[in-house]
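Encoded as structure tokens, the structure appears first; notes follow it.
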Amino acid sequence: MEHMIKTNEKEKAVIAGLSADSMNLRDRSTDESMDELEALLETAGGVCLGRVLQNRKTPEPRTFIGEGKVKELKDIAQKHECTMVVFDNELSPSQMRALTEDMGLKILDRSSLILDIFAGRARTREGRLQVELAQYKYLLPRLTGMWKHLVSQTGTSAPIGTRGPGETQLETDRRHIRRKITKLEDELREVIRTRDTQRRLREKNNVPVVALVGYTNAGKSTLLNKLTGADIQAENRLFDTLDTTTRKLQISEVQEALLSDTVGFIRKLPHHLVNAFKATLEELCYADLLVHVIDASSPEWREQVHVVDDLIMKLGASNTPRLEVFNKCDVLTNDVRPHGDNIVEISARTGEGIDLLLKKIEQSLIVMKKKVTLLLPYDRAGLLEIIHREGAVTNTQYLDHGIELEIIVSPRLYEKLREFITT
């Protein structure tokens with residue numbers, strides 16, 4: 001199937017995907033994942049002029065999609081004067097080299113396209129470090145041949161697929177790349193130490209943290225703006241927000257929290273990128289409440305929810321309490337709407353349902369806090385630091401057989417102290 005768009009300005013591309021019987025269902029290309037790839041290409045500054053979706057029993061080892069489809073792609077690219085082909089699946093280094101040789105065009109896969117978008121979007125030092133680390137890890141096995149003439153430039157004006165780690169010429173020496181990866185990992189560990197200090201201060205002050213999560217373009221930034229009065233740029237494009245933003249949220253006259261917006265998730269998110277951003281995304285594990293923002297207007301919302309749930313589980317935050325917020329209800333046309341105690345319908349754009357959402361957030365935070373009495377043996381007094389840091393101690397008595405404390409705890413702290421709780 002060929003998809004036509006006229007353009008005179010953007011970088012022209014053909015997109016291709018494979019659905020093979022032997023592939024994992026999540027890895028197969030579909031019309032929906034191809035639509036998403038086309039949107040990613042547009043986000044990166046390109047335009048799709050041709051589209052091929054191939055069905056096979058298994059991927060072809062050398063060219064992935066088979067020689068016949070390679071010729072078809074090449075013909076479409078020549079017809080529309082395209083400079084590259086973007087694959088919806090992840091290609092091996094040898095497949096990328098073979099396809100480059102056979103077609104004489106720039107070859108990108110979904111992972112390299114997403115990395116390219118992130119390279120153009122990172123604004124903070126941490127964001128740049130994370131993207132650079134992911135790019136070098138992606139690049140390392142792909143050094144031979146295909147990258148040797150690649151010039152890497154930083155900024156959105158660079159051709160798609162060439163926005164790299166910020167050097168004028170990409171190093172092809174593996175030892176140099178490995179040294180660079182080690183250095184970046186060390187720098188990110190320092191960032192993590194700084195964040196840990198900030199987190200301990202936050203916990204000491206007993207300020208709850210609410211984290212916004214969701215599929216890319218679900219409306220998280222728009223919701224952050226609506227709830228906090230922030231002025232974060234929010235546009236209708238994929239990965240509009242990359243760097244984590246945190247703002248004070250006044251939930252009610254007596255309750256406030258910190259509200260964090262995180263990078264949007266997407267299906268087939270490159271594992272290098274997930275690993276590089278793990279330091280940031282681990283904030284989800286320390287949040288008191290996750291607000292999962294869902295684009296109710298998308299026909300793919302169920303699949304998107306599944307992608308987000310899967311990544312939350314991989315990050316170890318599946319036990320964190322969660323509210324599901326169905327956004328964009330002002331443009332919802334179908335009548336099939338989920339209902340439940342932890343589900344809220346809103347429009348972040350118009351403000352509809354925001355008051356109810358704030359009440360739900362407040363109720364969730366109140367319910368999560370428990371007042372308990374515990375008896376701490378003197379040989380476990382080392383836990384007092386954690387108790388005072390993460391909880392609110394209302395009474396302390398030093399008895400013959402231990403320290404009795406009355407304390408207000410979060411679910412996370414409750415689990416740590418469960419064996420010592422008496423009432």
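Along the sequence shown, residues are numbered consecutively beginning with 1. For clarity, every value in this text was computed on a predicted model and none was experimentally measured.
- Here the side chains of Leu140 and Arg178 are in contact, with some heavy-atom distance below 4.5 Å.
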Stepwise, does the salt bridge (Lys or Arg N to Asp or Glu O under 4.0 Å) test hold for Glu256 with Lys248?
CA-CA 7 Å; Glu256 64 179 33; Lys248 182 179 175 182; 3.2 Å; yes
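- Taking NZ from Lys106 and CE from Met96, the interatomic distance works out to 11.0 Å, rounded to the nearest 0.5 Å.
- In terms of heavy atoms, Asn217 sits closest to Asp295 at O-OD2, 4.2 Å.
- Using modelled atom types, one side-chain atom of Arg28 and one backbone atom of Met23 make a donor-acceptor pair closer than 3.5 Å.
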Please determine whether salt bridge (Lys or Arg N to Asp or Glu O under 4.0 Å) holds for the pair Glu185 and Arg189, giving the CA-CA distance in whole Å, both sets of side-chain angles, and the decisive distance to 0.1 Å.
CA-CA 6 Å; Glu185 288 174 337; Arg189 273 192 285 271; 5.0 Å; no
Between Glu300 and Arg267, is the salt bridge (Lys or Arg N to Asp or Glu O under 4.0 Å) condition met? List the steps.
CA-CA 11 Å; Glu300 291 290 299; Arg267 73 188 89 190; 3.7 Å; yes
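- Checked by atom type and distance alone, the side chain of Glu60 pairs as donor or acceptor with a backbone atom of Thr63 at under 3.5 Å.
- Put simply, the residue from Val291, Asp261, Asn327, Val325 that forms a side-chain contact (heavy atoms from CB on, under 4.5 Å) with Lys220 is Asp261.
- Taking the side chain as every heavy atom from C-beta outward, Ile251 and Leu365 approach each other to under 4.5 Å.
- Phe64 and Phe87 have perpendicular rings, their planes meeting at more than 60° on a 0 to 90° scale where under 30° would count as parallel.
- A side-chain donor-acceptor contact under 3.5 Å links Gln54 to the backbone of Ile65.
- The CD1 atom of Ile266 sits 4.0 Å away from the CG atom of Leu40 when rounded to the nearest 0.5 Å.
- Using a 4.5 Å cut-off on side-chain heavy atoms (C-beta onward), Tyr215 and Trp301 make no contact.
- You'll find the side chain of Leu227 stays beyond 4.5 Å of the side chain of Arg247, heavy atoms only.
- Between the side chain of Gln255 and the backbone N or O of Ser252 there is no donor-acceptor pair closer than 3.5 Å.
- Between Leu290 and Ala317, the shortest heavy-atom distance links the atoms CD1-O, 4.1 Å.
- When every heavy atom of Ala16 is checked against every heavy atom of Asn89, the shortest pair comes out as O-OD1, 4.5 Å.
- A donor and an acceptor atom, one from each side chain of Thr422 and Thr373, are nowhere located under 3.5 Å apart.
- There is a side-chain donor-acceptor pair under 3.5 Å between Ser33 and Asp88.
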Tell me, with the steps shown, if Lys359 and Glu362 meet salt bridge (Lys or Arg N to Asp or Glu O under 4.0 Å).
CA-CA 5 Å; Lys359 286 179 184 176; Glu362 184 175 29; over 6 Å; no
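- Distance check: Gln363 CD to Asn342 CG gives 10.0 Å after rounding to the nearest 0.5 Å.
- Of all heavy-atom pairs between Tyr138 and Asp109, the closest is OH-OD1, 2.7 Å.
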Just do the side chain to side chain contact (heavy atoms under 4.5 Å, CB included) check on Leu41 and Met84 with the steps written out, would you?
CA-CA 11 Å; Leu41 177 63; Met84 65 180 172; 3.7 Å; yes
Candidate pair Leu73 and Leu105, rule side chain to side chain contact (heavy atoms under 4.5 Å, CB included), full reasoning:
CA-CA 10 Å; Leu73 281 170; Leu105 297 166; over 6 Å; no
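- Ile407 is listed as a side-chain neighbour of Val372, based on a closest heavy-atom distance under 4.5 Å.
- Between His292 and Val305 the shortest side-chain heavy-atom distance falls below 4.5 Å.
- In this structure, Val293 and Ile346 have side chains that are not in contact, with every pair of non-hydrogen atoms separated by 4.5 Å or more.
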Begin from the C-alpha positions of Leu223 and Ile354 and carry the test side chain to side chain contact (heavy atoms under 4.5 Å, CB included) through to its verdict.
CA-CA 9 Å; Leu223 180 57; Ile354 294 297; 3.7 Å; yes
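- More than 12 heavy atoms of other residues, nucleotides or ligands lie within 6.0 Å of CD in Glu303, so this atom counts as buried by the packing criterion.
- Considering all non-hydrogen atoms of both residues, Val131 and Leu115 come closest at CG1-O, 4.2 Å.
- A salt bridge links Arg110 and Glu36; the closest N-O separation between the charged side-chain nitrogens and carboxylate oxygens is under 4.0 Å.
- Counting all heavy atoms, side chain and backbone alike, Thr396 lies closest to Ile403 at CG2-CG2, 3.8 Å.
- The line from OG of Ser22 to CG of Asn24 is 10.5 Å long, rounded to the nearest 0.5 Å.
- In this structure, the side chain of Asn395 does not engage the main chain of Glu406 through any donor-acceptor pair within 3.5 Å.
- Once rounded to the nearest 0.5 Å, the distance linking OG1 of Thr30 with CG of Leu25 reads 10.5 Å.
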Test side chain to side chain contact (heavy atoms under 4.5 Å, CB included) on Thr43 and Leu113 and set out the steps.
CA-CA 10 Å; Thr43 297; Leu113 182 63; over 6 Å; no
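- Taking CG from Leu289 and OG from Ser364, the interatomic distance works out to 5.0 Å, rounded to the nearest 0.5 Å.
- Under the 3.5 Å distance criterion, with hydrogens and angles disregarded, a donor-acceptor pair is assigned to the side chains of Ser260 and Thr246.
- Residues Thr394 and Lys371 are in side-chain contact: their nearest non-hydrogen atoms beyond the backbone lie under 4.5 Å apart.
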